[in-house]
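Notes to accompany the following structure.
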Number of protein chains: 2
Amino acid sequence: MFVMTERKQEILTIAQGLFKDNSYTATSIRDIAKAAGVEPASLYSHISGKEELLDMTCFRMADKFINGIAEVNDIYFDAAQKLKMAVNTHVEILTSNLNAAVVFQRDWRHLSPDRKKEFVDARNSYEHGFRVIVQNGIDEGLFNEVDIKFAALTILSSLNWIVEWYHEDGKLTPQEIAENLYNFILTGLKK
Amino acid sequence: MFVMTERKQEILTIAQGLFKDNSYTATSIRDIAKAAGVEPASLYSHISGKEELLDMTCFRMADKFINGIAEVNDIYFDAAQKLKMAVNTHVEILTSNLNAAVVFQRDWRHLSPDRKKEFVDARNSYEHGFRVIVQNGIDEGLFNEVDIKFAALTILSSLNWIVEWYHEDGKLTPQEIAENLYNFILTGLKK
DNA sequence: TGTCATAACGAACATTCGTTAGGCAAATAT
DNA sequence: ATATTTGCCTAACGAATGTTCGTTATGACA
């Protein structure tokens with residue numbers, strides 16, 4: 001049976017911090033142990049192995065995203081409002097779980113083959129949620145008739161990259177970032 | 001003295017293909033040797049070490065980008081035209097060096113500290129090139145008065161992410177991708 | 001024919017990797 | 001008070017890591 005003790009959560013958080021700076025593969029069990037103030041072998045009282053730390057990180061984040069987009073798409077709004085909400089939620093999830101978000105984006109490739117497949121499926125279903133919004137917008141006559149798949153990918157691109165430069169004590173709050181991004185996506189640069 | 005033989009280029013290309021699929025840290029010298037049809041020790045007749053492969057990949061790409069943006073900013077055009085050219089060039093570089101581009105984006109973190117600093121400087125100067133274009137656009141009255149740094153980052157985000165989904169035999173040609181991206185950046189989704 | 005550079009080889013190096021085994025003290029449950 | 005669980009320890013495992021070593025076959029050039 002799966003349990004999640006306080007100490008295990010602590011270790012996970014520590015690991016995510018290291019993974020963020022050094023990547024999953026370049027971070028060793030010994031690095032994590034040292035950061036946790038414990039001998040390497042002691043970690044195995046809490047986790048089944050290194051990959052569990054990666055697995056939990058990736059799939060917990062995936063859950064957050066999928067729940068977020070489902071919530072948005074369940075509400076009866078027009079596409080512009082939905083998009084605004086989706087952007088807000090996405091930025092919120094990224095910025096309030098920054099370390100995990102970085103791992104989620106960079107290191108899912110190192111999941112075991114089976115779990116990697118599941119992960120990619122999950123990510124695809126999230127992207128699908130965005131495609132639905134874009135399609136709605138076109139149907140409602142609000143959005144230009146763009147390539148839906150391409151548009152969804154481009155939107156997500158601009159959202160995802162913020163983990164590369166966002167700092168908690170930066171100039172912009174997550175709310176402001178989301179607002180700027182939404183405006184950018186909706187109206188572009190042109191005056 | 002630095003030399004670049006045909007065989008060395010071959011090995012570099014092979015390594016980039018592996019790095020792309022498996023990341024730099026998770027690719028071993030033995031993996032590269034096997035893919036090159038050679039014993040691990042033989043690689044050292046051509047390269048000084050594993051990091052040289054990463055180093056060459058990152059800085060060759062950086063050079064391409066920096067030369068590209070310099071060319072664009074040297075020409076006397078309005079900001080919209082400059083942006084279009086910059087997007088074109090960027091997409092061209094990414095798509096015609098896909099493996100190297102992926103490594104360039106993901107694995108520069110594993111450069112030695114000194115080289116990493118140089119790399120970040122180079123990348124910053126490239127981003128600066130984009131900020132200049134945005135600033136020009138605002139000065140010329142063509143662009144909205146957005147946060148310049150934020151805008152440049154968002155533009156580059158949407159450009160960079162294409163390495164995650166682009167396939168040579170995909171539906172869209174690099175030219176079409178660049179065009180779509182330019183339109184998206186300039187005018188957004190809104191009808 | 002003799003000299004030298006090139007590109008490869010097999011073997012081994014020290015180190016690091018993730019993980020397991022077994023024990024021990026303190027906290028917790030019965 | 002006794003039994004059990006928890007959380008950590010030391011020690012060690014086999015495998016994989018990047019790299020160095022001395023050697024050798026090949027071919028160009030003097």
Side-chain angles (χ1 to χ4, degrees), chain A residues 1-58 103 106-116, chain B residues 1-58 103 106-116:
Chain A
M1 207 192 71
F2 181 85
V3 283
M4 189 68 205
T5 63
E6 204 176 312
R7 185 75 175 121
K8 187 169 181 179
Q9 177 57 54
E10 249 178 65
I11 291 168
L12 177 60
T13 303
I14 289 169
Q16 288 169 343
L18 296 177
F19 292 165
K20 182 207 164 185
D21 292 332
N22 265 93
S23 85
Y24 172 72
T25 35
T27 303
S28 71
I29 283 286
R30 284 167 178 82
D31 293 335
I32 301 168
K34 180 172 279 183
V38 121
E39 292 300 313
S42 307
L43 293 177
Y44 289 84
S45 301
H46 302 277
I47 59 169
S48 67
K50 189 184 171 192
E51 189 176 330
E52 190 185 351
L53 296 168
L54 176 63
D55 196 281
M56 291 201 315
T57 304
C58 290
V103 178
R106 291 191 196 141
D107 286 325
W108 59 269
R109 280 163 249 273
H110 300 108
L111 289 167
S112 72
D114 284 359
R115 294 295 276 165
K116 178 153 58 174
Chain B
M1 205 192 69
F2 180 84
V3 281
M4 190 67 203
T5 63
E6 204 177 312
R7 185 75 177 123
K8 187 169 179 176
Q9 177 58 54
E10 250 177 62
I11 290 168
L12 178 60
T13 303
I14 287 169
Q16 288 169 342
L18 296 177
F19 292 164
K20 182 206 163 188
D21 292 332
N22 267 92
S23 85
Y24 172 72
T25 35
T27 303
S28 71
I29 283 286
R30 284 166 179 84
D31 292 336
I32 301 168
K34 180 172 277 186
V38 120
E39 292 300 313
S42 308
L43 292 177
Y44 291 83
S45 300
H46 303 277
I47 60 170
S48 67
K50 189 185 170 189
E51 188 175 331
E52 190 187 350
L53 295 169
L54 177 62
D55 196 282
M56 291 202 313
T57 303
C58 290
V103 178
R106 291 189 198 144
D107 287 325
W108 59 268
R109 278 162 251 272
H110 300 108
L111 290 166
S112 72
D114 283 359
R115 293 295 274 167
K116 180 152 58 174

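Since we're looking at a predicted model, the values are computed, not measured. All chains are named by letter (A, B, ...) in the order of the sequence lines, taking the proteins before the strands, and each is independently numbered beginning at 1.
Using a 4.0 Å heavy-atom criterion, one finds that T27(A) contacts the sugar-phosphate atoms exclusively.
The distance from atom CD1 of I32(B) to atom C1' of dT19(D) is 13 Å, rounded to the nearest whole Å. Per the geometry, OH belonging to Y44(B) stands 14 Å off C1' belonging to dA12(C), to the nearest Å. Rounding to whole angstrom units, CD of residue E10(B) and C1' of dA8(C) are separated by 14 Å. To the nearest angstrom, C1' of dC17(C) lies 11 Å from CG of D31(A). Taking atom CG on L43(B) and atom C1' on dT6(C), their separation rounds to 15 Å, with Å as the unit. Counting to the nearest Å, the P atom of dT16(C) and the CG atom of N22(A) are 15 Å from each other. The NZ atom of K8(B) sits 13 Å away from the P atom of dT6(C) (whole-angstrom rounding). One interatomic measurement links the two molecules: CD1 of I47(B) to P of dG18(D), which rounds to 10 Å at whole-angstrom precision.
No donor-acceptor distance shorter than 3.5 angstrom exists from the side chain of Q16(B) to the backbone of T57(B), with no hydrogens or angles considered. Distance alone, capped at 3.5 Å, places no donor-acceptor pair between the R106(B) side chain and the Y24(B) backbone.
Atoms CE and CD, on M4(A) and Q9(A) in that order, are 4.0 Å from each other to the nearest 0.5 Å.
Counting heavy-atom neighbours within 6.0 Å of K34(A) NZ, excluding the residue itself, gives a total of 12 or less.
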- request: Give the intermediate values and the outcome of side chain to side chain contact (heavy atoms under 4.5 Å, CB included) for residues S23(A) and R109(B).
  value: CA-CA 9 Å; S23(A) 85; R109(B) 278 162 251 272; over 6 Å; no
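The side chain of S28(B) has dT17(D) as its nearest neighbour among dT17(D), dT19(D), dT19(C).
Of the side-chain N and O atoms in R7(A), one or more sit less than 4.0 angstrom from OP1 or OP2 of dC8(D). Phosphate proximity of dA8(C) to H46(B): present, with a side-chain N or O under 4.0 Å from OP1 or OP2.
The residue from T25(B), L53(B), I14(B), D31(B) that alone fulfils the side chain to side chain contact (heavy atoms under 4.5 Å, CB included) condition with F19(B) is L53(B).
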List, with names and distances, any nitrogen or oxygen atoms from the protein found under 3.5 Å away from nitrogen or oxygen atoms belonging to nucleotides 9-14 of chain D.
unit_1	atom_1	unit_2	atom_2	d
dC9(D)	OP2	E39(A)	N	2.5
dC9(D)	OP2	S42(A)	OG	2.7

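The two residues Y44(A) and G49(A) have their closest heavy-atom pair at CE2-CA, 3.9 Å.
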